[in-house]
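Lettering of chains follows the sequences in order, A, B, ..., and the numbering in each one begins at 1.
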Amino acid sequence: MKEKKIILVCGPTGVGKTGFAIDLATRVDAEIIGADSMQIYRYMDVGTAKPDARERSMVRHHLVDVVDPDQDFDAARFARMADSAIEGLHGRGMAAIVAGGTGFYFKALVHGLFRGTQADPAVIAALEQEAAEGADLHARLVAVDPDAAAKIHPNDLFRVIRALEVAVTQNTTISSLQDAHGFAGERYRTLKFGLYMDREKLYQRIEKRVDMMLDQGLIREVEGLLDRGYRSDLKSMQSIGYRHVCQYLRGDTGFDEMVALLKRDTRRYAKRQFTWFRRDKGMVWLMPQEVERAVSLTADFLVDRD
RNA sequence: GCCCAGGUAGCUCAGUCGGUAGAGCAGGGGACUGAAAAUCCCCGUGUCAGCAGUUCGAUUCUGUUCCUGGGCA
């Protein structure tokens with residue numbers, strides 16, 4: 001059985017993944033699959049720095065604009081959709097370049113998640129409610145799943161709740177599921193490119209890009225989303241840029257303050273992305289202008305059949 | 001030119017009744033198994049403006065120089 005191969009292009013926001021991926025794709029006869037947790041949403045274009053019409057006419061992009069901002073989406077669904085997109089490309093004899101900044105999506109795609117158990121929104125909402133009322137959920141987790149409790153910080157409510165939710169809705173614990181799974185298997189053969197640049201330079205680019213987004217009508221875009229009925233408490237609307245503009249429109253922050261916070265939070269996000277990708281041992285680190293090198297590495301990778 | 005107030009961490013500032021200093025913000029590092037652009041954890045040595053004096057010891061007191069605000073000419 002022929003092993004399936006994919007090329008990954010990872011990196012922090014603002015390094016130039018989009019341009020790099022397009023250059024690479026045109027050179028190696030590939031199409032691009034977005035691995036970006038926000039570009040999947042329709043109508044959220046400016047704030048997610050989505051590839052524009054010109055870019056998308058150069059190379060076809062998959063998994064961009066696939067759900068509405070009020071629809072649930074998650075890493076598992078991403079992985080399933082990416083699987084079929086990859087299959088489609090391979091069926092047409094094309095290579096698949098998975099490009100984006102969402103580390104968790106890459107992981108879900110390459111290694112899979114531990115099981116077909118979707119998070120139960122009702123159970124999670126109930127637990128959130130209890131937490132808001134002062135319940136000590138971490139203490140409860142210690143009782144039902146001490147291994148998970150040991151790994152999850154008591155303040156990390158998000159993970160405490162998810163672990164409890166598994167314990168409540170299933171006949172097992174998240175820690176045992178995780179131990180059994182362990183991200184051990186690889187579902188694809190991968191060639192991973194990590195894009196980087198000097199931190200100072202990246203931050204300058206990020207700030208410039210935020211100003212550009214504002215010029216390009218980020219505020220109008222958010223107003224349009226709100227007009228369409230997409231509320232500011234949606235997950236999608238809580239992302240960087242969208243939540244900042246919502247706060248500004250609500251009058252909670254002034255314009256200058258909003259811009260400063262938006263820039264800061266984007267910088268911090270880029271830092272977290274570096275943390276995520278740096279951990280990946282198999283990453284080939286390149287600067288965004290090193291497309292040539294990527295092309296030859298990709299050619300070697302694709303030729304090598306087994 | 002004179003008077004006043006300041007010059008302490010990248011920034012804004014606190015503080016040391018003389019025993020070489022600490023907050024906020026910024027920043028850095030890390031975690032991450034179906035919300036991940038989310039969620040969470042950890043991290044503070046800097047000629048205390050320069051020089052000189054007093055002192056066992058000065059960032060702290062004194063003098064002086066420089067710089068920055070403000071006021072008066």
Filtered N/O pairs between nucleotides 39-41 of chain B and protein, under 3.5 Å:
from: B:U39; atom 1: O2'; to: A:D156; atom 2: OD1; distance (Å): 2.5
from: B:U39; atom 1: O2; to: A:R159; atom 2: NH1; distance (Å): 2.7
from: B:C41; atom 1: OP1; to: A:N155; atom 2: ND2; distance (Å): 2.6

Nearest-Å distance for atom pair [atom1]/[atom2], residues [X] and [N]:
X	N	atom1	atom2	answer
A:E165	B:U33	CD	P	13 Å
A:F277	B:G29	CZ	P	15 Å
A:Q273	B:G28	CD	P	13 Å
A:W276	B:G29	CH2	C1'	17 Å
A:F104	B:U33	CZ	C1'	5 Å
A:F78	B:A38	CZ	C1'	17 Å
A:K235	B:A35	NZ	P	8 Å
A:D265	B:C25	CG	P	13 Å

Check your understanding: Quick one: is A:T275 getting a side-chain N or O under 4.0 Å of the B:G30 phosphate, OP1 or OP2?
Key ->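 Yes.
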Review point. Does A:Y203 have a side-chain nitrogen or oxygen under 4.0 Å from the phosphate oxygens OP1 or OP2 of B:G28?
Key: yes
Check your understanding: What residue pairs, at least two apart or across chains, pass salt bridge (charged side-chain N to carboxylate O under 4.0 Å, His left out) with a residue in residues 238-254 of chain A?
Key ->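 As it turns out, the salt bridge (charged side-chain N to carboxylate O under 4.0 Å, His left out) pairs with a partner in residues 238-254 of chain A, which skip direct neighbours, are A:R243-A:D265, A:R250-A:D252.
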Review point. Got a sec, which pairs hit salt bridge (charged side-chain N to carboxylate O under 4.0 Å, His left out) with one end in residues 33-54 of chain A, sequence neighbours left out?
Key: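 Applying salt bridge (charged side-chain N to carboxylate O under 4.0 Å, His left out) to every pair that reaches into residues 33-54 of chain A, excluding sequence neighbours, yields A:R42-A:D68, A:D45-A:K50, A:K50-A:D65.
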Exercise for review: Answer with yes or no whether A:K271 presents, from its side chain, a donor or acceptor under 3.5 Å of a partner atom in the base of B:G27.
Suggested key: no
Review point. For the base of B:A35, is there a side-chain donor-acceptor partner from A:E128 under 3.5 Å away?
Key: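 Yes, a donor-acceptor pair under 3.5 Å.
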Return the set of residues passing salt bridge (charged side-chain N to carboxylate O under 4.0 Å, His left out) with [X] (not counting sequence neighbours), or none when no residue passes.
X	answer
A:R205	none
A:R199	none
A:D280	A:K192

Check your understanding: Quick one: ring pair (Phe, Tyr, Trp, His ring centres under 6.0 Å) partners of A:H181, sequence neighbours excluded?
Key -> A:F183
Study note, to complete from the structure: Nearest-nucleotide check on RNA chain B, A:F183 vs A:Y242; residue mapping nearer the 5' end is A:F183
Check your understanding: How do A:R264 and A:A75 order along RNA chain B: which one's closest nucleotide is nearer the 5' end?
Key -> A:R264
Review point. Looking at side-chain heavy atoms only, is the closest gap between A:E31 and A:I33 below 4.5 Å?
Key: no
**Study point:** Note, A:L218 side chain near A:L262 side chain (heavy atom, < 4.5 Å)
**Key:** yes
Answer with base, sugar-phosphate or nothing: what part of the nucleic acid does [X] contact at a heavy-atom distance below 4.0 Å?
X	result
A:R80	base
A:G241	nothing
A:F274	nothing

List, one per line, each side-chain donor-acceptor pair under 3.5 Å for residues 96-109 of chain A, sequence neighbours excluded.
from: A:T102; atom 1: OG1; to: A:S37; atom 2: N; distance (Å): 2.9

Donor-acceptor list for residues 75-83 of chain A side chains, cut-off 3.5 Å, not counting sequence neighbours:
from: A:R77; atom 1: NH1; to: A:D72; atom 2: O; distance (Å): 3.1
from: A:D83; atom 1: OD1; to: A:R187; atom 2: NH1; distance (Å): 3.4
from: A:D83; atom 1: OD1; to: A:R187; atom 2: NH2; distance (Å): 3.3
from: A:D83; atom 1: OD1; to: A:Y188; atom 2: OH; distance (Å): 2.5
from: A:D83; atom 1: OD2; to: A:R187; atom 2: NH2; distance (Å): 2.5

Point to revise | Test side chain to side chain donor-acceptor pair (under 3.5 Å) applied to A:D215 - qualifying residues, sequence neighbours left out | key: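 Counting only residues at least two positions away or on another chain, A:D215 forms no side chain to side chain donor-acceptor pair (under 3.5 Å).
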Distance, [atom1] atom - from [M] to [N], rounded to whole angstrom:
N	M	atom1	value
B:U54	B:U68	C1'	29 Å
B:C13	B:U8	P	9 Å
B:G46	B:U64	P	33 Å

Review point. Got a salt bridge between A:E223 and A:R220, using NZ or NE/NH1/NH2 to carboxylate O under 4.0 Å?
Key: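 Result for this pair is no, no salt bridge flagged.
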Check your understanding: Using Watson-Crick pairs (N1 to N3, plus N6-O4 or O6-N4) and G-U wobble pairs, both distances under 3.5 Å, which stems of at least 3 pairs involve RNA chain B?
Key ->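 B:1-7 with B:66-72, B:10-13 with B:22-25, B:27-31 with B:39-43, B:49-53 with B:61-65 - these are the stems of 3 or more pairs that involve RNA chain B.
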**Study point:** Contact list for RNA chain B against residues 38-53 of chain A - heavy-atom distance below 4.0 Å
**Key:**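 A:M38, A:G47, A:T48, in order of number.
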